[in-house]
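For ligands, and for the atoms within them, numbers begin at 1 and follow the listed sequence. Heavy-atom basis, side chains included; hydrogens, waters and symmetry copies ignored.
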Amino acid sequence: MNSEPVNAYKNLMVTGGCGFIGANFIRYLLKESDFSGRVVNVDKLTYAGNPENLADIEKRFPGRYIFEKADICDRERMASLFDDYEIDTVCHFAAESHVDRSIVNPDAFIRTNIVGTFNLLELARETPDRLQLFHHISTDEVFGSLGQDGFFTEETPYKPNSPYSASKAASDHLVRAYHKTYGLPITISNCSNNYGPYQFPEKLISLMILNALEGKPLPVYGDGRNIRDWLYVRDHCIAIWEIMKRGKRGETYNIGGKNEMENIRLVEMICDILDTHQKQEGGRPRRELITFVKDRPGHDRRYAIDFTKLREELGWMPEESLESGMRKTIQWYLDNQQWVNRVRSGEYQTWIKEHYG
Ligand code: NAD
Ligand code: TYD
């Protein structure tokens, strides 16, 4: 099995490429990076998957971008995709990703995040001569909650608190175990909260931007003092590609934005930037839309990432500050009203049914 870091990837399977980060990653890979191979995007197209996120890519890169609608839990189908496309590299994003949904209905999280990852690992293990790398995308939420001080490092013990983070933790352990037991060439990255273009409007930043534009209430959980570390999605994509090219096999890397902020401050910031772009009718400040609502059960208080390892080994640093990334993000949502309308109204789902059944 090849375990030397190389950049000779020819046939890269990206799972979950129609979701928020996966779509940004494929865009980065084909439009900006030095990757010269072919991307096979495998996505089940759940509510969070939208092939329209990559419609221009499909047109611009025929032959280098291929989409296959498939469920990573379907081992037979995934096996033929591995064979048909002679997959030599996997970048695994596909997951159920929203904590609130995992609290209401954890089943799909266990299935996709744990069983789906297991399936992919088994298939990767069956092609030892071909497989160069299995990169697993994970979250800082596996480490649990921090108090006022301290940061998550790669050595922090796992202590997940939600069904989502517990399912991601289980998948991380499986990936690591496949390296230790079978020598599978793997890397893992644990990243903080992402924001940016194409994010489905259920996560904090995308939801707040769209609600604020429509003059709807901005629901802030609990006292609004929970802290997240925010990373602009393109910075995440750059980090992933650097890890895939030069990361040490068998290792995990933390990725963070150095952008800690209390939720309430973040929502106020969104309101203020939007007010400078477009006043509300009557000129009332959007901060008036903020509504404190019942807290999320098991709500982690604070996440913060120490990414020294990534910086020192691979020279990665985030390019965007929270202010600059937020301005870009808000501008993107303002410039892409059609995307917003189709996602908000559910029209993209009708389109998916017509095109993919
Ligand atoms: P997302 O919910 O926007 O996208 C997930 C994608 O996976 C969708 O396109 C969906 O259709 C697809 N998918 C779901 N189940 C599938 C299945 N069984 N088979 C094939 N495809 C399936 O998620 P995201 O925010 O882009 O997150 C991507 C990855 O990054 C996840 O693994 C998540 O845990 C991780 N992550 C996310 C964040 C964040 O802030 N969003 C931070 C750190 C890590
Ligand atoms: P979220 O975007 O769901 O990411 P995660 O839970 O994975 O960190 O939530 C980010 C923070 O914002 C989290 O502390 C919960 C909070 N939040 C709200 O206050 N209101 C909301 O409507 C949402 C979706 C999240």
Side-chain angles (χ1 to χ4, degrees), residues 13-25 41-51 53-54 68-74 77-78 91-103 108-109 111-117 119-120 136-142 145 161-162 164-165 167-169 171-172 189-196 198-208 211 217-231 233 236-237 240 254-257 261-264 266-267 290-296 298-303 305 352:
M13 177 183 281
V14 174
T15 67
C18 292
F20 163 50
I21 307 175
N24 276 283
F25 180 69
N41 174 13
V42 177
D43 197 300
K44 182 185 174 184
L45 301 182
T46 67
Y47 76 95
N50 184 355
N53 295 348
L54 292 161
E68 291 282 355
K69 181 175 187 284
D71 183 340
I72 58 167
C73 298
D74 181 345
R77 178 80 201 289
M78 293 305 297
C91 184
H92 176 35
F93 292 91
E96 288 292 335
S97 69
H98 191 39
V99 173
D100 290 329
R101 287 180 190 257
S102 84
I103 294 168
F109 289 73
R111 219 176 72 86
T112 288
N113 300 2
I114 305 178
V115 180
T117 302
N119 271 342
L120 295 175
H136 178 61
I137 307 290
S138 192
T139 166
D140 59 355
E141 302 190 26
V142 296
S145 187
N161 290 318
S162 71
Y164 164 66
S165 53
S167 68
K168 291 298 291 188
S171 65
D172 293 10
S189 50
N190 294 88
C191 187
S192 63
N193 289 58
N194 282 217
Y195 67 102
Y198 301 103
Q199 187 165 33
F200 191 81
E202 63 181 355
K203 307 270 166 53
L204 182 69
I205 291 185
S206 46
L207 181 74
M208 294 298 153
N211 277 12
L218 308 177
V220 172
Y221 300 163
D223 64 3
R225 310 271 317 263
N226 301 65
I227 292 175
R228 296 292 181 267
D229 169 27
W230 294 96
L231 181 68
V233 64
H236 186 188
C237 295
I240 293 167
N254 280 359
I255 312 174
M261 196 176 272
E262 285 182 353
N263 293 338
I264 183 65
L266 188 73
V267 176
I290 293 173
T291 313
F292 287 93
V293 299
K294 193 166 170 283
D295 208 354
R296 171 191 278 173
H299 195 174
D300 287 336
R301 194 64 174 167
R302 173 172 169 259
Y303 302 146
I305 283 268
I352 286 171

Under 3.5 Å donor-acceptor, K44 side chain and G16 backbone: no
Side chain, backbone, both or neither: the part of A108 lying under 4.0 Å from ligand 1 by heavy atom: neither
Nitrogen or oxygen of F20 less than 3.5 angstrom from that of ligand 1: yes
Exercise: do Y303 and E141 side chains pair donor with acceptor under 3.5 Å: yes
Ligand 1-proximal atoms of Y47, by part, heavy-atom distance under 4.0 Å: neither
Side-chain heavy-atom pair F93, I240 within 4.5 angstrom cut-off: yes
D295 side-chain N/O to V293 backbone N/O, donor-acceptor pair under 3.5 Å: no
N or O contact, T139 vs ligand 1, cut-off under 3.5 Å: no
Residue G49 vicinity, atoms of ligand 1 by number, heavy atom under 4.0 Å: 8 (C), 9 (O), 11 (O)
Heteroatom proximity flag, D300 to ligand 2, N/O under 3.5 Å: no
Heavy-atom pair of closest approach, residues N190 and I305: O-CD1, 3.9 Å
Per-atom contacts, ligand 1 versus A70 - under 4.0 Å to a heavy atom: 19 (N), 20 (C)
N/O separation below 3.5 Å, R228 to ligand 2: yes
Taking every non-hydrogen atom, the tightest pair across C237 and I21: SG-O, 4.2 Å
Heavy-atom gap C18 to ligand 1 smaller than 4.0 Å: yes
Contact check: I72 vs ligand 1, nitrogen or oxygen atoms, below 3.5 angstrom: yes
Within-cut-off N or O pair, E141 and ligand 2, under 3.5 Å: yes
Presence of salt bridge, R77 and E68, under 4.0 angstrom: yes
Main-chain N/O of L218 paired with N211 side-chain donor or acceptor, under 3.5 Å: no
Shortest protein contact, atom 19 (O) of ligand 2 (heavy atom only): Y221 N, 2.9 Å
Nearest-option assignment for atom 3 (O) of ligand 2, heavy atoms, candidates R225, K203, R296: R296
For K168, atoms of ligand 1 separated by under 4.0 Å from a heavy atom: 31 (C), 32 (O), 33 (C), 34 (O)
Short side-chain to backbone donor-acceptor contact, T112 and F109, under 3.5 Å: no
N263 CG to D223 CG distance, which is reported to the nearest 0.5 Å: 9.0 Å
Ligand 2-proximal atoms of T139, by part, heavy-atom distance under 4.0 Å: neither
Atoms in ligand 2 with a heavy atom of L207 nearer than 4.0 Å: 22 (O)
Ligand 1 atoms in contact with N193 (distance to a heavy atom under 4.0 Å): 40 (O)
Option from R228, K203, H236, M261 for which side-chain contact (heavy atoms from CB on, under 4.5 Å) with N193 holds: R228
Atoms of ligand 1 close to S192 [distance to a heavy atom under 4.0 angstrom, numbered from 1]: 42 (C), 43 (C)
L45 and ligand 1 - part of the residue with a heavy-atom distance under 4.0 Å: backbone
Residue, atom name and distance, where the atom is the protein heavy atom closest to atom 27 (O) of ligand 1: I21 CD1, 3.8 Å
Spacing of OG1 belonging to T15 relative to NE2 belonging to H92, to within rounding of 0.5 Å: 5.0 Å
Rounded distance (nearest 0.5 Å) linking atom CG of N50 with atom CZ of F20: 13.5 Å
Side-chain donor/acceptor of S206 to backbone N/O of F200, under 3.5 Å: yes
Distance (rounded to the nearest 0.5 Å) between M78 CE and C73 SG: 9.5 Å
Atom indices of ligand 1, in the order listed, that fall short of 4.0 Å to a heavy atom of F93: 28 (C), 29 (C), 31 (C), 32 (O)
Under 4.0 Å to a heavy atom of S138 - the qualifying atoms of ligand 1, by number: 43 (C), 44 (C)
F200 near ligand 1 by a heavy-atom separation under 4.0 Å: no
Heavy atom of G17, distance to ligand 1 below 4.0 Å: no
Proximal ligand 2 atoms for P219, defined as those under 4.0 Å from one of its heavy atoms: 18 (C), 19 (O), 20 (N), 21 (C), 22 (O)
Polar proximity ligand 2 side, H299 side, N/O cut 3.5 Å exclusive: yes
Shortest non-hydrogen contact between S162 and V99, atoms and distance: CB-CG1, 3.9 Å
Closest protein heavy atom (residue, atom, distance) for atom 4 (O) of ligand 2: N193 ND2, 3.3 Å
Any donor-acceptor N/O pair, S192 side chain to D229 backbone, under 3.5 Å: yes
Parallel, tilted or perpendicular: ring planes of Y221 versus H299, cut at 30 and 60 degrees: perpendicular
Ligand 1 contact by T15, heavy-atom criterion under 4.0 angstrom: no
Residue part near ligand 2, for E202, under 4.0 Å between non-hydrogen atoms: backbone
Per-atom contacts, ligand 2 versus V220 - under 4.0 Å to a heavy atom: 19 (O)
Min side-chain heavy-atom separation R296-N226 under 4.5 Å: no
Any N/O pair Q199/ligand 1 closer than 3.5 Å: no
N/O donor-acceptor pair under 3.5 Å between N41 side chain and G17 backbone: yes
Distance filter under 4.0 Å to H98 heavy atoms, resulting ligand 2 atoms: 3 (O)
Where ligand 1 meets T46 - atom numbers and elements under 4.0 angstrom, heavy-atom basis: 10 (C), 11 (O), 14 (C), 15 (N)
Nearest protein heavy atom with distance in Å, relative to atom 8 (C) of ligand 1: D43 OD2, 3.6 Å
For ligand 1, the portion of R111 having any non-hydrogen atom under 4.0 Å away: neither
4.0 Å heavy-atom contact, A23 with ligand 1: no
L204, any N or O under 3.5 Å of ligand 2 N or O: yes
Enclosure of R225 CZ (heavy-atom neighbours >12, cutoff 6.0 Å): no
Any N/O pair H92/ligand 1 closer than 3.5 Å: no
Contacting atoms of ligand 2, where contact means under 4.0 angstrom from a heavy atom of N263: 11 (C), 12 (O), 13 (C), 14 (O), 16 (C)
Nearest heavy atoms of G257 and L231, plus distance in Å: CA-CD1, 3.6 Å
